[in-house]
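Worksheet: the structure to be examined is printed underneath.
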Amino acid sequence: LEFRRVLFRSLLSEARWPSGDAAIFLELHVEQARILEEQGVPLGLVDAIAGSAHVMLTVQGRADNSGGQLIRDRSDVLAAAADIVLTVESAGREPANHGMRAVVSHMDVEPNSLTTKAGLVRLSMDVRDIDTERLRAVTASLISAAGEICGRRGFALDARVIACNSPVILPTWVRQVAINACRDIGLEYRVIASAA
């Protein structure tokens, strides 16, 4: 194992390109959004990479036996979490937010028992957009909406932004070189933003 590490380190230094040898780096990638596939276009040329905001939302309540209370007397953190999920989904479908992605991508429920009303739910929210202002505004709006949902239902909400990355607009000249190459060989393409 140690021999492989030493060999890898020596080969790594040989694999470096001298400064000034490369003007650009292009990454070939399998499409993840299905836009090209649905339109029957074989190639997408990316003009922007969406920024992303990742937020951890924790809804705190009290776990109880699921049969111990009448429905009208029950306050359920999982129901509050479901409202939050639907609110996030709704934001992603708003016509004004065209191109933005918003999803609750992960949820932990405690105690996660068939016969126990949940006492704690953690949700991971992922918001992506190529528009920096809209990314920040929608993320803040969703955190506020989650707070309102929890407040209305009588629960505490802890919201923590765990990552926030700005969008990246790629150089126009690189895309133009790729467009010219596609035209030269008669390859159909579409210019698209990457949210992946």
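Predicted, not measured: the structure shown is a model, and the values here were computed from it. Quick note: residue numbers are just sequence positions, from 1.
- E89 meets the side-chain hydrogen bond (donor to acceptor under 3.5 Å, both in side chains) test with R93; sequence neighbours excluded.
- L36 has its side chain within reach of I192: a pair of non-hydrogen atoms, C-beta onward, lies under 4.5 Å apart.
- Looking at residues two or more places apart in sequence or on another chain, you find a side-chain hydrogen bond (donor to acceptor under 3.5 Å, both in side chains) between R183 and Y189.
- Among residues two or more places apart in sequence or in another chain, the side chain to side chain contact (heavy atoms under 4.5 Å, CB included) test is passed with I185 by L187.
- Expressed to the nearest 0.5 Å, how far CD1 of I149 lies from CG of L86 amounts to 8.5 Å.
- For T116, the side-chain hydrogen bond (donor to acceptor under 3.5 Å, both in side chains) criterion is met by S113, not counting sequence neighbours.
- For residues 22-31, there are no side chain to side chain donor-acceptor pair (under 3.5 Å) pairs, not counting sequence neighbours.
- Scored by the side chain to side chain contact (heavy atoms under 4.5 Å, CB included) test, A178 finds L45 as partners (sequence neighbours excluded).
- Among residue pairs with one or both ends in residues 100-112, those qualifying as salt bridge (charged side-chain N to carboxylate O under 4.0 Å, His left out) are E110-R122; sequence neighbours excluded.
- The distance from atom CZ of R175 to atom CD1 of I169, rounded to the nearest 0.5 Å, is 9.0 Å.
- Taking the side chain as every heavy atom from C-beta outward, T139 and C164 never approach each other to under 4.5 Å.
- Side chains of I24 and W173 form a contact here, defined as non-hydrogen atoms less than 4.5 Å apart.
- Residue pairs that meet the salt bridge (charged side-chain N to carboxylate O under 4.0 Å, His left out) test with at least one member in residues 134-144, sequence neighbours left out, are D129-R134.
- Under the side-chain hydrogen bond (donor to acceptor under 3.5 Å, both in side chains) criterion, R34 pairs with no residue, sequence neighbours left out.
- Taking NE2 from H98 and CG from D131, the interatomic distance works out to 12.0 Å, rounded to the nearest 0.5 Å.
- Nearest heavy-atom pair, A50 versus A195, reported as atom, atom and distance to 0.1 Å: CB-CA, 3.7 Å.
- Contact of the L123 side chain with the V85 side chain is registered, since non-hydrogen atoms from C-beta on lie closer than 4.5 Å.
- Legend: residues meeting side chain to side chain contact (heavy atoms under 4.5 Å, CB included) with P95, ordered by chain and number and at least two apart, are absent.
- Sorted by first and then second residue, the pairs that involve residues 153-164 and meet salt bridge (charged side-chain N to carboxylate O under 4.0 Å, His left out), not counting sequence neighbours, are D83-R153, D158-R160.
- Residues E133 and L135 fail the side-chain proximity criterion, which asks for heavy atoms closer than 4.5 Å.
- Among residues two or more places apart in sequence or in another chain, the side chain to side chain contact (heavy atoms under 4.5 Å, CB included) test is passed with E148 by S144.
- For the pair V191/I179, a side-chain contact is recorded, criterion being any heavy-atom separation below 4.5 Å from C-beta on.
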